[in-house]
Amino acid sequence: MVLPTAPYARRRARGLIVAALLLCLAASALPAGATPEDRLQRIQEREDRLEERIESVDAHGDDVAGLVESLDSQRRAIQGDIDELDRRIAALDGRIERVKVRLTAAQKTLALLT
């Protein structure tokens, strides 16, 4: 699931959710004998519940975005450690090659002396 990270994208997503929920709210059937005041009160109660849900979803989205940022920061730190280890391994490989050359030359010298 991709969460919008830009503030305008979150506001737009929230607006779309509100619009969809309001459409569902408008489409829901109210009792036929309800007075306009009853209908208004029910609509306001539903709107309040929807607003609470939206706030909850928004807070959860912020939590997830914070977690993603934290994980990305950890990934960058680990990648830096891996890059440093790769440099050290390359340096050690170079030293091993130089020692191999010296060892081969020493073996040849020893073979000539014996």
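Applying the side chain to side chain contact (heavy atoms under 4.5 Å, CB included) criterion to Arg75, with sequence neighbours excluded, gives Asp72. In this structure Asp63 satisfies the salt bridge (charged side-chain N to carboxylate O under 4.0 Å, His left out) test with no other residue, sequence neighbours excluded. Residues passing the salt bridge (charged side-chain N to carboxylate O under 4.0 Å, His left out) test with Lys100 are Glu97, sequence neighbours excluded. Looking at residues two or more places apart in sequence or on another chain, you find a side chain to side chain contact (heavy atoms under 4.5 Å, CB included) between Leu71 and Leu67, Gln74. In this view, Arg95 and Leu92, Arg98 satisfy the side chain to side chain contact (heavy atoms under 4.5 Å, CB included) rule, not counting sequence neighbours.
Applying the side-chain hydrogen bond (donor to acceptor under 3.5 Å, both in side chains) definition to pairs two or more places apart or across chains, none involves residues 102-114.
Between the CG atom of Asp38 and the OG1 atom of Thr35 there is a distance of 3.0 Å, given to the nearest 0.5 Å. Between the CG atom in Leu85 and the CZ atom in Arg87 there is a gap of 9.0 Å [rounded to 0.5 Å]. In this structure, Ile96 CD1 and Leu103 CG are separated by 12.5 Å, a value rounded to the nearest 0.5 Å.
None of Glu45, Arg39, Glu37 except one satisfies the side chain to side chain contact (heavy atoms under 4.5 Å, CB included) rule with Gln41; the exception is Glu45.
Under the 4.5 Å side-chain criterion, counting only non-hydrogen atoms from C-beta, Asp48 is not in contact with Glu51.
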